[in-house]
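A short write-up of the structure that comes next.
One-based numbering, in listed order, for ligands and for the atoms of each.
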Amino acid sequence: MAEATRTMIELTGASRRFGALQAVQSFDITVDEGEIFGLLGPDGAGKTTTLRMLAGLMDPDSGSIKVAGLEVRDNIDAVKDQIGYMAQRFGLYGDLTVEENMYFYSDLFGLPIPERNRLMVEFLDMTRMTQFRTRPAAKLSGGMKQKLALMCTLLHKPRVLFLDEPTNGVDPLSRRDFWIILKNLSAGGMTIFVTTSYLDEAERCDRIGLMNKGRLIRVDTPATLRASWAPYCFAIETSDKRGARHSLQAMPGVLACEPAGADLHLYLDPEHANAAHIRSALTNLGFAPLELLPLDPSLEDVFIAGIAQEEARAKRTAA
Ligand SMILES: Nc1ncnc2c1ncn2[C@@H]1O[C@H](COP(=O)(O)OP(=O)(O)OP(=O)(O)O)[C@@H](O)[C@H]1O
Ligand SMILES: [Mg+2]
């Protein structure tokens, strides 16, 4: 019989505000053991605030946050033993070498020396950093610095990893390298909760949460998110992009219409969409023969459509 999956992270109605600003609004998310969950959102969306609450560095104003089955705010010490938290600006010592940074964090975690030595060999090999072990951290490339930060985060053998934009500003090749390591860790049973503003990274997660301005818009697998939006996303080829966009944006049932390369991408409201109406309205406006071409939406399309849908809903509620 298959072993029951274990929930390792559980946010229920978790909220946090700063003065008048609702930074995180009533989040419901569960993440299973061994899963890679990505929180995707633009600057200021509330990603770090969510992670800080999960890591016990900040309490929610309301709601519950459980990690490894424990309510975080009531079990800080026990939770800290189970988690690794790699902050958006992780504290490496630039004048210390790779090894010395790892010694420092092992001492901080109280790791016995034989265990430390064993793990260091394993991690340096895993990250292909062995040849750089005597290089000062300040002289490492961006990607290597992030790998060193990850190794330091892993030294006390956490079961749950919280990574805050771990590859921000890192070149695409090194990012891919970093994600191969994350995939291996998750295959070994590690639960990973990662924030990102990179869509290619979101695509590598088992499930993602799309968030914007403190609101969680949708949670699902990248493939399901793309498939669920496919009927409502279209490409339009036109020589009059500006004119067509202007007209389309004003039409009922249109969530958004954005330039995408040489085309326009049109996003219809699933609750109020009518592609046939839009086609005939375009014809009436003299845009014939403009075709709405079916589009296999990217996560970027999904994100644009999701945010626009959320804003359209909020407007209807306010009206
Ligand atoms: N300690 C704080 N006091 C007041 N406002 C805060 C505090 N921390 C965060 N904020 C605000 O809360 C909102 C969410 O911030 P947060 O850092 O969680 O976003 P983020 O998604 O991590 O953004 P980024 O991509 O820039 O790291 C922002 O508007 C931010 O200015
Ligand atoms: Mg942040």
Within 6.0 Å of NZ in K145, more than 12 heavy atoms from elsewhere: yes
Atom indices of ligand 1, in the order listed, that fall short of 4.0 Å to a heavy atom of A23: 12 (O)
Heavy-atom nearest neighbour in the protein, as seen from atom 9 (C) of ligand 1, with distance rounded to 0.1 Å: F18 CE1, 3.4 Å
Heavy-atom neighbours of R176 CZ exceed 12 at 6.0 Å: no
Aromatic centroids of F104 and Y93 separated by under 6.0 Å: yes
Closest approach of any protein heavy atom to atom 15 (O) of ligand 1, naming residue and atom: T49 OG1, 3.8 Å
Closest approach of any protein heavy atom to atom 19 (O) of ligand 1, naming residue and atom: G46 N, 3.2 Å
Common cluster, L92/L111, ILVMFWY with side-chain heavy-atom separation under 4.5 Å: yes
Verify atom 31 (O) of ligand 1: protein non-hydrogen atom under 4.0 angstrom away: no
Atoms in ligand 1 with a heavy atom of A45 nearer than 4.0 Å: 19 (O), 20 (P), 21 (O)
Heavy-atom gap M58 to ligand 1 smaller than 4.0 Å: no
Trace of the salt bridge (Lys or Arg N to Asp or Glu O under 4.0 Å) decision for R204 with E201: CA-CA 5 Å; R204 295 172 199 264; E201 284 194 342; over 6 Å; no
Single-linkage hydrophobic cluster, 4.5 Å side-chain cutoff, L185 and F37 together: no
Within-2.8 Å protein N/O/S contacts of the Mg ion (ligand 2): T48 OG1, Q88 OE1
NZ (K183) with more than 12 external heavy atoms under 6.0 Å: yes
Main-chain N/O of Q25 paired with S15 side-chain donor or acceptor, under 3.5 Å: no
E165: numbered ligand 1 atoms lying under 4.0 Å from its heavy atoms: 24 (P), 25 (O), 27 (O)
Closest to atom 27 (O) of ligand 1 (judged by heavy-atom distance), picking from Q22, Q88, K213, M211: Q88
Top protein contact for atom 20 (P) of ligand 1, by heavy-atom distance: K47 N, 3.5 Å
Y232 versus D269, side-chain donor and acceptor atoms under 3.5 Å: no
Residues R215 and E311 bridged, charged N to O under 4.0 Å: no
Winner among D43, L51, L21 once heavy atoms are compared against atom 13 (C) of ligand 1: L21
Shortest reach to atom 23 (O) of ligand 1 by a heavy atom, considering only G44, G214, S197: G44
Nearest non-hydrogen protein atom, atom 17 (O) of ligand 1: T48 CB, 3.6 Å
Steps toward ring-ring contact (aromatic ring centres under 6.0 Å, His included) verdict (Y85, F162): CA-CA 5 Å; Y85 174 60; F162 296 117; 7.1 Å; no
Residues K147, D177: salt bridge by 4.0 Å N-O rule: yes
R175: which of D200, N168, T196 passes side chain to side chain donor-acceptor pair (under 3.5 Å): D200
Per-residue contact class, V24 against ligand 1 - non-hydrogen pairs under 4.0 Å: neither
